[in-house]
**Q** 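I have a structure here, written as structure tokens, and I will follow up with some questions on it.
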Amino acid sequence: MPAPARRALAIAAAVLLAAAAGCSPGGGHTAKPASHSSAPPAVDAAGAHAIPVGPGPKSSYDVQQQPAAGSCKYRYTADKQPLPDPNCTPGATSPAVTQATVNDTICKPGGYTSTIRPPASITGKEKAENAKSYGYTGPMGDAEYDHLISLQLGGDPNDPRNLWVQPPSPDHVPGKGPNNPKDTVETHLKMAICKGQVTLAAAQQAITTDWTTAETKLGIKPAGQPSASADADDD
């Protein structure tokens, strides 16, 4: 083989050896990390989005850190009902409430949610910070610090992924406190669960997707308005 060809072959071999060394664990070079991209929400076999599971009820609660100020954006339905930002508030379920335990928890006679609800001394501070997360600047007394999956639907009591400052609905009267038609929807769904008309998981999926369409999606046809006592054990 002529000398020039041998030199060219030697150079090519050296280049290949250097490239191999750069890719090996001990070669002195590291590969560039793959660029990060947000993974799509996990879905199950039926195509439903996976709802996070929170820590569950506690004997005492701590103030939870909220999303960064201005990082959450409200959504609105065609008739101007508010919906949360799914990236900030996807909902979170309580591990204490499952389909197997509904009769001992949310369907338990005498009520359940009052036994696990965080105190106002905790939620008041969280509400103030969450208002900054969503950029809510209206009167705080007219907005509800709402569990997206209500406690009576097995929502986690104090997971920040399950709480948002819900602004007033369109028919709100300023200064009259929150007007939240979502509460009535939640009560109807809870009643349907306890009657065996819908599953816990289906109700949780429906309320996190769009509370305004939850009853329609589940085929629930409530007979009249809930009583005051039934609606009081909401959120």
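In what follows, residues are counted from 1 in the order of the sequence shown. Computed over heavy atoms, backbone and side chain alike; hydrogens, waters and symmetry mates excluded.
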**Q** With rounding to the nearest 0.5 angstrom, report the CG to CD distance, Asp142 to Gln166.
**A**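 Here the interatomic distance stands at 12.5 Å.
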
**Q** Return the minimal non-hydrogen interatomic distance between Pro95 and Asp156, and the atom names on each side.
**A**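 Heavy-atom minimum between the residues: CD-OD1, 4.2 Å.
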
**Q** Less than 4.5 Å apart, side chain to side chain, heavy atoms only: is that true for Pro118 and Tyr145?
**A**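 Result no, sub-4.5 Å side-chain heavy-atom pair not found.
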
**Q** Donor-acceptor pair, His188 side chain versus Ile220 backbone, under 3.5 Å?
**A**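 Flag not set: sc His188 to bb Ile220 has no pair under 3.5 Å.
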
**Q** Could you tell me if the side chain of Ile193 sits less than 4.5 Å from the side chain of Val102, heavy atoms only?
**A**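 Side chain of Val102 against side chain of Ile193, heavy atoms only: contact under 4.5 Å found.
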
**Q** Is the side chain of Ser150 donor-acceptor paired with the backbone N or O of His147 at a distance under 3.5 Å, no angle test?
**A**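 Flag not set: sc Ser150 to bb His147 has no pair under 3.5 Å.
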
**Q** Between Thr101 and Asp104 (side chain of the first, backbone of the second, donor and acceptor by atom type, cut-off under 3.5 Å), is there such a pair?
**A**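 The answer is no, because no donor-acceptor pair under 3.5 Å joins these two groups.
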
**Q** Under 3.5 Å, is there a donor-acceptor pair between the side chain of Gln205 and the main chain of His49?
**A**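 Here the side-chain-to-backbone pair exists.
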
**Q** Going by atom types alone, do Gln152 and Thr187 pair a side-chain donor with an acceptor below 3.5 Å?
**A**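 Yes, because at least one side-chain N or O of Gln152 sits under 3.5 Å from a partner of the opposite role on Thr187.
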
**Q** Checking the side chain of Lys182 only, and the main-chain atoms of Ile207 only, is there a donor and an acceptor separated by less than 3.5 Å?
**A**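 No, the answer is negative, given that no donor and acceptor are paired below the 3.5 Å cut-off.
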
**Q** With a 4.5 Å limit on heavy-atom distance, are the side chains of Pro181 and Thr184 in contact?
**A**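 Side-chain contact under 4.5 Å: no.
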
**Q** Would you tell me whether Gln64 and Asp159 have side-chain atoms, one donor and one acceptor, within less than 3.5 Å of each other?
**A**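 Side chains of Gln64 and Asp159: no pair found under 3.5 Å.
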
**Q** Quick one: which of Leu189, Ile106, Thr105 gives a side-chain contact (heavy atoms from CB on, under 4.5 Å) with Leu200?
**A**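 Filter result, single survivor: Ile106.
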
**Q** So Gln66 and Glu126, do their side chains get closer than 4.5 Å, heavy atoms only?
**A**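 Yes, at least one pair of side-chain atoms sits under 4.5 Å.
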
**Q** Indicate yes or no for a side-chain donor-acceptor contact from Gln204 to the backbone of Leu153 under 3.5 Å, with no hydrogens or angles considered.
**A**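 Yes.
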
**Q** Under a 3.5 Å distance rule, please check whether Asp146 uses its side chain to pair with a backbone N or O of Trp164 as donor and acceptor.
**A**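 Checked: no pair found.
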
**Q** Taking C-beta and beyond as the side chain, do Trp211 and Leu148 meet within less than 4.5 Å on heavy atoms?
**A**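 Trp211 vs Leu148: side chains apart.
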
**Q** Does a donor on one side chain and an acceptor on the other come within less than 3.5 Å for Ser169 and Gln81?
**A**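 A donor-acceptor contact under 3.5 Å links the two side chains.
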
**Q** Output yes when a side-chain donor or acceptor of Ser133 lies under 3.5 Å from a complementary backbone atom of Pro67, and no otherwise.
**A**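 Yes: the side chain of Ser133 pairs with the backbone of Pro67.
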
**Q** Answer yes or no: is there a donor N or O on one side and an acceptor on the other, between the side chain of Thr89 and the main chain of Pro86, under 3.5 Å?
**A**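 No, Thr89 side chain to Pro86 backbone: no donor-acceptor pair under 3.5 Å.
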
**Q** At their closest point, which heavy atom of Ala92 faces which heavy atom of Gly54, and how far apart are they?
**A**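 Here Ala92 and Gly54 meet closest at CB-N, 4.2 Å.
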
**Q** Quick one: closest heavy-atom pair of Val198 and Ala203, and the distance?
**A**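 Shortest heavy-atom separation between Val198 and Ala203 comes out as CG2-CB, 4.5 Å.
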
**Q** Test Ile149 against Ile51 for side chain to side chain contact (heavy atoms under 4.5 Å, CB included), laying out the working first.
**A** CA-CA 10 Å; Ile149 304 175; Ile51 302 174; 3.8 Å; yes

**Q** Are Glu129 and Lys125 within salt-bridge range, i.e. N to O under 4.0 Å?
**A**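 No salt bridge links Glu129 with Lys125.
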
**Q** State, with a plain yes or no, whether a side-chain heavy atom of Asn130 is found less than 4.5 Å away from one of Tyr136.
**A**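 No, every pair of side-chain atoms sits at 4.5 Å or beyond.
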
**Q** Quick one: are Lys108 and Asn103 in side-chain contact, heavy atoms under 4.5 Å?
**A**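 Of all side-chain heavy-atom pairs linking Asn103 with Lys108, none is under 4.5 Å.
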
**Q** Work out which heavy atom in Leu151 is nearest to a heavy atom in Pro157; give both atom names and the distance.
**A**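 Looks like CD2-CA, 3.6 Å.
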
**Q** Nearest 0.5 angstrom please: Thr113 OG1 to Lys190 NZ, how far?
**A**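 So the OG1 of Thr113 and the NZ of Lys190 are separated by 7.5 Å.
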
**Q** With a 4.5 Å cut-off on side-chain heavy atoms, are Asn162 and Pro52 touching?
**A**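 In short, these two side chains do not touch, never coming nearer than 4.5 Å.
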
**Q** Say you draw a straight line from NZ of Lys132 to OG1 of Thr137; how long is it, rounded to the nearest 0.5 Å?
**A**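 OG1 of Thr137 is found 13.0 Å from NZ of Lys132.
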
**Q** If a pair satisfies side-chain hydrogen bond (donor to acceptor under 3.5 Å, both in side chains) and one of its residues is in residues 67-77, list it, with sequence neighbours excluded.
**A**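 Output for this query lists Thr77-Asp79.
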
**Q** How long is the straight-line distance from OH of Tyr61 back to CG of Asn158, given to the nearest 0.5 Å?
**A**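 Atom-to-atom, Asn158:CG and Tyr61:OH are 7.0 Å apart.
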
**Q** Taking it one step at a time, do Thr209 and Lys217 satisfy side chain to side chain contact (heavy atoms under 4.5 Å, CB included)?
**A** CA-CA 10 Å; Thr209 301; Lys217 287 183 177 179; 3.3 Å; yes

